[in-house]
Amino acid sequence: MDNASEKKKVMLSGIQPSGDLHLGNYLGAVKNWAELPDQFDCYYFMADLHTITVRQEPKELRRRSTTQLAQYIACGLDPEKNTLFLQSHVHEHAELGWILNCYTMFGELSRMTQFKDKSAKHADNINGGLFTYPALMAADILLYQADYVPVGEDQKQHCELTRNIAIRFNNLYGETFKVPEPYIPKVGARIMSLSNPASKMSKSDPQGCVFLMDSPEELARKFKRAVTDSDTERCVRFDPENKPGVANLMNIYSSVTGKSYSEIEAEFDGKGYGVFKPQVGEAVIESLRPIREEAEHIIADKAYLQEVYTQGAQKASAVARRTLRKVYKKIGLVEKPF
Ligand code: TYM
């Protein structure tokens, strides 16, 4: 690595291959990763170790992990410019994850919204991994000395806990970890379900969820059926409290077209939802079309995907190893002689 690239700020993020990528993952995260300027040193991975905190069908998990990589590339993440890898291929994640467990408090973990939501949803399988998940996420981030973590709003709490763990460790042992900042987009940070605008878009609600690989017909159908409100004036106005369905569609439209809310209000002035909803659908179809087509093409090339994730893991591992060695030394573990 030359001096210039050593000075680059580090960006890092990951997505669980627990389902196919959806519009929330794209607008809240991946789209912004791809738009980040060249001056960052970027690491993006499939968080497969996180995914097994909920039971998975092994064959499906394997399929989704590589198709997710194909989708990252199709969304514009060039493997030459970004380090793309599978979390489980870089064993330092699990190792630092264990160590950070010992610097993360029971009370902190108990307060995590994602833990509360998931343990309510999977009451028959509230396992230790689900509870200590944020310590592994902190390891993911801190191993690479990340400056910024580009995520949707729902991951803010985990990022804040990561900062607290890093600060706690640094206070005990001296400067070891960079304290990272979450990097949350202004629009698209929280995409809601099309069928229930009170809950976030998620793969567990397929009717309200727009998948990147949905066909144009399927997308058109989902947007046509999107829940708006029973407001008699049926006007397109940004009012998240009283018109959450419309606000969500405006958020989506703004994210894919770059138009401001006032421009959108002017565009649909006097036109009603019957015009607005299909138009949002059309804009989404056109922005996802090249991604879907490119992803289908890449998914078919298994050898290429293997080459990308092999090189990615090698590059990631070289960086992660350095941090882990430093941590071992600081906490008093004997240095590995090989
Ligand atoms: P995950 O897999 O649930 O989601 C991946 C990314 O997509 C964003 N996102 C959304 N953004 C807007 N609207 C939505 N409806 C929506 N749903 C999901 C998430 O905010 C996230 O950015 N714990 C993480 C994965 C992870 C990670 C990491 C992230 C593991 N290690 C290290 C960053 C850094 C998670 O469960 O995201």
Side-chain angles (χ1 to χ4, degrees), residues 10-34 42-54 56 61 64-65 68 71-72 75 85-88 90 93-94 96-97 100 112-115 117-118 121 129-130 132-163 165-166 180-205 208-212 244 247-248 251-252 254-256 316 320:
V10 175
M11 286 272 176
L12 171 135
S13 199
I15 297 183
Q16 298 189 61
S18 50
D20 291 312
L21 287 192
H22 59 71
L23 196 62
N25 299 138
Y26 176 61
L27 298 178
V30 189
K31 181 168 182 278
N32 312 297
W33 306 352
C42 298
Y43 297 83
Y44 300 118
F45 61 96
M46 326 305 132
D48 51 359
L49 293 176
H50 279 99
T51 302
I52 60 164
T53 53
V54 171
Q56 303 293 327
L61 174 58
R64 285 194 308 256
S65 301
Q68 186 171 307
Q71 289 173 28
Y72 278 7
C75 286
F85 63 99
L86 296 166
Q87 183 188 28
S88 59
V90 182
H93 288 247
L96 184 62
L100 295 184
M112 294 294 113
T113 313
Q114 188 167 305
F115 171 69
D117 288 351
K118 287 207 173 166
K121 233 182 241 167
L130 195 62
T132 60
Y133 178 114
L136 179 60
M137 178 157 162
D140 299 337
I141 298 169
L142 302 179
L143 272 177
Y144 300 91
Q145 307 288 356
D147 294 275
Y148 300 110
V149 184
V151 284
E153 214 166 64
D154 61 320
Q155 293 301 315
K156 195 170 169 211
Q157 196 185 31
H158 285 158
C159 291
E160 273 158 10
L161 179 55
T162 299
R163 287 170 59 84
I165 297 170
E181 299 273 350
Y183 185 99
I184 298 172
K186 288 203 174 64
V187 283
R190 194 169 183 82
I191 302 296
M192 311 310 277
S193 159
L194 295 192
S195 54
N196 174 13
S199 69
K200 73 168 184 178
M201 182 175 285
S202 114
K203 38 219 158 199
S204 55
D205 159 30
C209 185
V210 170
F211 293 99
L212 264 50
N248 186 39
N251 188 9
I252 293 173
S254 170
S255 304
V256 296

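First listed ligand is number 1; within each ligand, the first listed atom is number 1.
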**Prompt:** Would one find an N or O of Q16, backbone or side chain, under 3.5 Å from an N or O of ligand 1?
**Reply:** yes
**Message:** Using a 3.5 Å cut-off on N or O atoms only, is I141 in polar contact with ligand 1?
**Reply:** no
**Message:** Counting non-hydrogen protein atoms only, what is the nearest one to atom 12 (C) of ligand 1? Give residue, atom name and distance.
**Reply:** A189 O, 3.2 Å
**Message:** Quick check: D154 and ligand 1, any N/O pair under 3.5 Å apart?
**Reply:** yes
Could you list the donor-acceptor pairs under 3.5 angstrom formed between side-chain atoms of residues 142-149 and any protein atom two or more places apart in sequence or on another chain?
| unit_1 | atom_1 | unit_2 | atom_2 | d |
| --- | --- | --- | --- | --- |
| Y144 | OH | H93 | NE2 | 2.9 |
| Q145 | OE1 | K178 | N | 2.7 |
| Q145 | NE2 | T176 | O | 3.1 |
| D147 | OD1 | K178 | NZ | 2.9 |
| D147 | OD2 | V10 | N | 2.8 |

**Asked** So which heavy atom on S193 is nearest to which on D205, and how close?
**Response** OG-OD2, 2.7 Å
**Any donor-acceptor N or O pair under 3.5 Å, side chains S18, K203** = yes
**Asked** Do you know the tightest heavy-atom contact between I165 and A138?
**Response** CD1-CB, 3.8 Å
**Prompt:** In the protein, what heavy atom is nearest to atom 21 (C) of ligand 1, and what distance, to one decimal place, separates them?
**Reply:** Q155 CG, 3.9 Å
**Request:** Out of A146, G19, G152, indicate the one that has the non-hydrogen atom closest to atom 22 (O) of ligand 1.
**Result:** G152
**Prompt:** How far apart are the closest heavy atoms of A320 and V90, and which atoms are they?
**Reply:** CB-CG1, 4.1 Å
**Message:** Just so I know, are the side chains of Q16 and M46 near enough to count as touching, which here means a heavy-atom distance under 4.5 Å?
**Reply:** no
**Request:** Show which atoms of ligand 1 fall inside a sub-4.0 Å distance from at least one heavy-atom site of G28.
**Result:** 11 (N), 12 (C)
**Asked** What's the shortest distance from atom 4 (O) of ligand 1 to any protein heavy atom, and which residue and atom give it?
**Response** N25 ND2, 3.5 Å
**Asked** atom 23 (N) of ligand 1: which protein heavy atom is closest, and how many Å away?
**Response** Y133 OH, 2.6 Å
**Prompt:** Looking only at distance, does K203 have an N or O less than 3.5 Å from an N or O of ligand 1?
**Reply:** no
**Asked** Where does S202 meet ligand 1, judged by heavy-atom distances below 4.0 Å: at the side chain, the backbone, both, or neither?
**Response** neither
**Fill in**
Sorted by chain and residue number, the side-chain contact (heavy atoms from CB on, under 4.5 Å) partners of D154 (sequence neighbours excluded) come out as R190, K200
**Asked** Got the closest protein heavy atom to atom 10 (C) of ligand 1, with its distance?
**Response** G24 O, 3.4 Å
**Asked** Relative to atom 34 (C) of ligand 1, which among I191, V30, V149 owns the nearest non-hydrogen atom?
**Response** V149
**Item:** Shortest protein contact, atom 25 (C) of ligand 1 (heavy atom only)
**Value:** G14 O, 3.6 Å
